[in-house]
Student: 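There's a structure below that I have some questions on.
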Amino acid sequence: MYTEPHADRSDSHRGPDHDLEHRVISMLKSHGPREGEALASYARLAEETEDGGHAYLMRLILEDERRHHRTIEEMLNTVQSFVWDVDVEPSVPSAARYPDRRIHQETKRLLAFEREDAKELRQLKKALQQDKTWPFLALLVDLMIQDTKKHIEILKFVQKLTKP
């Protein structure tokens, strides 16, 4: 099974002291507490505000930050597993080069869908911006456009890995 290049324990250009990995571990560890503080602040703002729109936006950020916090923890565990040569869970699974025509075709179809979705969302945003009545909705559409860009990047990555 293919593993990410950083997980190749026989990689000869890295010394046995794992300088790069220790720097990454340090960065990931320092990010965690800061993100934890932010999570608490977003949750508090969502609870304390009397404005439904503000609370809604804080909850959207809170959902993203919770996912980021979990991802950082899984990344930390992955790098620590490599350095310590033991499994630390939960971790990020390896992303393998796995030629698969069916998945490749399906991601191709989904890429087309996401690109069309992005086009429609841009049109919707433009329409909402023409009338200054809906700035909140325009912001939400803009956030969906950003998510769609992320989806496209993920699908392009999967496409490369599954190319027959």
Side-chain angles (χ1 to χ4, degrees), residues 4 6-7 20-84 86-96 98 103-162:
E4 293 290 323
H6 70 273
L20 171 66
E21 289 82 2
H22 286 293
R23 283 196 321 268
V24 170
I25 287 169
S26 177
M27 287 186 272
L28 292 169
K29 280 185 174 181
S30 70
H31 190 79
R34 285 193 329 267
E35 194 143 81
E37 290 172 19
L39 281 168
S41 293
Y42 287 124
R44 190 173 47 255
L45 283 171
E47 289 296 318
E48 291 175 358
T49 185
E50 293 183 24
D51 184 278
H54 297 165
Y56 183 86
L57 291 172
M58 292 305 112
R59 285 192 305 271
L60 285 178
I61 295 172
L62 188 58
E63 289 172 20
D64 285 347
E65 289 296 335
R66 283 182 176 143
R67 186 180 66 253
H68 296 171
H69 192 73
R70 185 180 66 246
T71 301
I72 291 288
E73 180 181 323
E74 291 169 352
M75 291 168 61
L76 174 62
N77 291 346
T78 298
V79 178
Q80 287 177 332
S81 291
F82 171 68
V83 171
W84 299 341
V86 296
D87 288 334
V88 182
E89 296 293 331
S91 63
V92 177
S94 64
Y98 186 78
I103 293 173
H104 188 76
Q105 287 303 112
E106 187 65 12
T107 55
K108 185 177 181 179
R109 186 186 68 74
L110 288 168
L111 264 170
F113 167 80
E114 292 289 346
R115 288 178 174 137
E116 183 62 30
D117 194 38
K119 182 179 168 184
E120 290 174 9
L121 287 168
R122 285 190 300 271
Q123 291 170 349
L124 177 57
K125 180 182 171 187
K126 187 176 180 179
L128 288 168
Q129 287 176 326
Q130 287 175 352
D131 182 348
K132 302 298 183 200
T133 309
W134 306 106
F136 186 56
L137 297 184
L139 170 67
L140 294 175
V141 171
D142 192 45
L143 296 174
M144 288 187 276
I145 290 169
Q146 291 175 41
D147 284 346
T148 300
K149 287 178 184 176
K150 179 177 65 177
H151 302 164
I152 288 169
E153 289 304 310
I154 292 168
L155 288 167
K156 287 173 22 182
F157 184 80
V158 172
Q159 276 251 292
K160 279 196 269 187
L161 292 177
T162 60

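Numbers here are sequence positions counted from 1.
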Student: For the side chain of Ser81 and the backbone of Asn77, is there at least one donor-acceptor N/O pair under 3.5 Å apart?
Tutor: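 Such a contact is found between Ser81 side chain and Asn77 backbone.
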Student: Would you compute the distance between atom OG of Ser91 and atom CD of Glu73 and round it to the nearest 0.5 angstrom?
Tutor: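 Answer rounded to 0.5 Å: 10.5 Å.
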Student: Who are the salt bridge (Lys or Arg N to Asp or Glu O under 4.0 Å) partners of Glu106, not counting sequence neighbours?
Tutor: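 Salt bridge (Lys or Arg N to Asp or Glu O under 4.0 Å) check on Glu106 returns Arg109.
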Student: Which residues pass the side chain to side chain donor-acceptor pair (under 3.5 Å) test with Glu63, sequence neighbours left out?
Tutor: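 Counting only residues at least two positions away or on another chain, Glu63 forms no side chain to side chain donor-acceptor pair (under 3.5 Å).
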Student: Using the side-chain contact (heavy atoms from CB on, under 4.5 Å) criterion, which residues pair with His104? Sequence neighbours excluded.
Tutor: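 Applying side-chain contact (heavy atoms from CB on, under 4.5 Å) to His104 gives Gln159, Thr162, Lys163, Pro164.
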Student: Among all residues two or more places apart in sequence or in another chain, which pass the side chain to side chain donor-acceptor pair (under 3.5 Å) test with Glu153?
Tutor: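 Applying side chain to side chain donor-acceptor pair (under 3.5 Å) to Glu153 gives Lys156.
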Student: Please determine whether side chain to side chain contact (heavy atoms under 4.5 Å, CB included) holds for the pair Lys29 and Gln80, giving the CA-CA distance in whole Å, both sets of side-chain angles, and the decisive distance to 0.1 Å.
Tutor: CA-CA 11 Å; Lys29 280 185 174 181; Gln80 287 177 332; 3.3 Å; yes
Student: For residues Leu139 and Leu57, determine if any side-chain heavy atom of one lies less than 4.5 Å from a side-chain heavy atom of the other.
Tutor: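 A side-chain contact under 4.5 Å exists here.
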Student: First locate atom NE2 of His151, then atom CE of Met144, and finally report the distance between them rounded to the nearest 0.5 Å.
Tutor: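 These two atoms lie 11.0 Å from each other.
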Student: Can you measure from OG1 (Thr148) to CZ (Phe113) and round to the nearest 0.5 angstrom?
Tutor: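 One finds 8.0 Å between OG1 of Thr148 and CZ of Phe113.
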Student: Quick check: closest heavy atoms across Gly32 and His69, and the distance to 0.1 Å?
Tutor: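 Between these two residues, the closest heavy atoms are O-CE1, 3.4 Å.
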Student: Does any N or O in the side chain of Thr78 come within less than 3.5 Å of the main-chain N or O of Val92, such that one atom is a donor and the other an acceptor?
Tutor: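 Checking the backbone N and O of Val92 against the side chain of Thr78, a donor-acceptor pair under 3.5 Å is found.
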Student: I'd like to check the side chain to side chain donor-acceptor pair (under 3.5 Å) partners of Thr133; sequence neighbours left out, ordered by chain and number.
Tutor: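 Asp131.
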Student: The criterion is side-chain contact (heavy atoms from CB on, under 4.5 Å); which residues satisfy it with Arg67, sequence neighbours excluded?
Tutor: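 Residues passing side-chain contact (heavy atoms from CB on, under 4.5 Å) with Arg67: Asp64, Arg70, Thr71, Lys150.
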Student: Going by atom types only, do Arg44 and Ser41 share a side-chain donor-acceptor pair under 3.5 Å?
Tutor: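 Note: Arg44 and Ser41 side chains meet the donor-acceptor criterion.
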Student: Considering only distance and modelled atom types, tabulate donor-acceptor pairs under 3.5 Å from the side chains of residues 45-56, sequence neighbours left out.
Tutor:
{"from": "Thr49", "atom 1": "OG1", "to": "Asp51", "atom 2": "N", "distance (Å)": "3.2"}
{"from": "Asp51", "atom 1": "OD1", "to": "Gly53", "atom 2": "N", "distance (Å)": "2.8"}
{"from": "Asp51", "atom 1": "OD1", "to": "His54", "atom 2": "N", "distance (Å)": "2.8"}

Student: Go through the structure and list residues passing salt bridge (Lys or Arg N to Asp or Glu O under 4.0 Å) with Glu74, not counting sequence neighbours.
Tutor: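 Residues passing salt bridge (Lys or Arg N to Asp or Glu O under 4.0 Å) with Glu74: none at all.
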Student: Atom CD1 of Ile145 and atom CG of Leu124: how far apart are they, to the nearest 0.5 Å?
Tutor: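 So the CD1 of Ile145 and the CG of Leu124 are separated by 8.0 Å.
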Student: How many angstroms lie between CG in Asp147 and CD1 in Ile152, if you round to the nearest 0.5 Å?
Tutor: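 Between atom CG of Asp147 and atom CD1 of Ile152 there are 11.0 Å.
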Student: Who passes side-chain contact (heavy atoms from CB on, under 4.5 Å) against Leu137, sequence neighbours left out?
Tutor: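 Counting only residues at least two positions away or on another chain, Leu137 forms a side-chain contact (heavy atoms from CB on, under 4.5 Å) with Leu128, Trp134, Leu140.
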Student: Nearest 0.5 Å please: distance from the CD atom of Glu21 over to the CZ atom of Arg23.
Tutor: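 That separation rounds to 9.0 Å.
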Student: Indicate the atoms forming the closest heavy-atom contact of Ile72 with Leu28, along with that distance.
Tutor: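 Nearest heavy atoms, Ile72 then Leu28: CG2-O, 3.7 Å.
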Student: Where do Leu121 and Val141 come nearest, in terms of heavy atoms and distance?
Tutor: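 Closest heavy-atom pair between Leu121 and Val141: O-CG1, 3.2 Å.
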Student: Sequence neighbours left out, what passes side chain to side chain donor-acceptor pair (under 3.5 Å) with Glu35? Give chain and number order.
Tutor: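 Once residues adjacent in sequence are excluded, the partners of Glu35 under the side chain to side chain donor-acceptor pair (under 3.5 Å) criterion are His31.
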Student: Report, as yes or no, whether the 6.0 Å neighbourhood of atom OH on Tyr98 holds more than 12 heavy atoms from other residues, nucleotides or ligands.
Tutor: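 No, because the 6.0 Å sphere around OH of Tyr98 holds 12 heavy atoms or fewer from other groups.
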Student: In chain order, what residues pass the side-chain contact (heavy atoms from CB on, under 4.5 Å) check against Lys119, with sequence neighbours excluded?
Tutor: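 Partners of Lys119 under the side-chain contact (heavy atoms from CB on, under 4.5 Å) test: Glu116, Arg122, Gln123.
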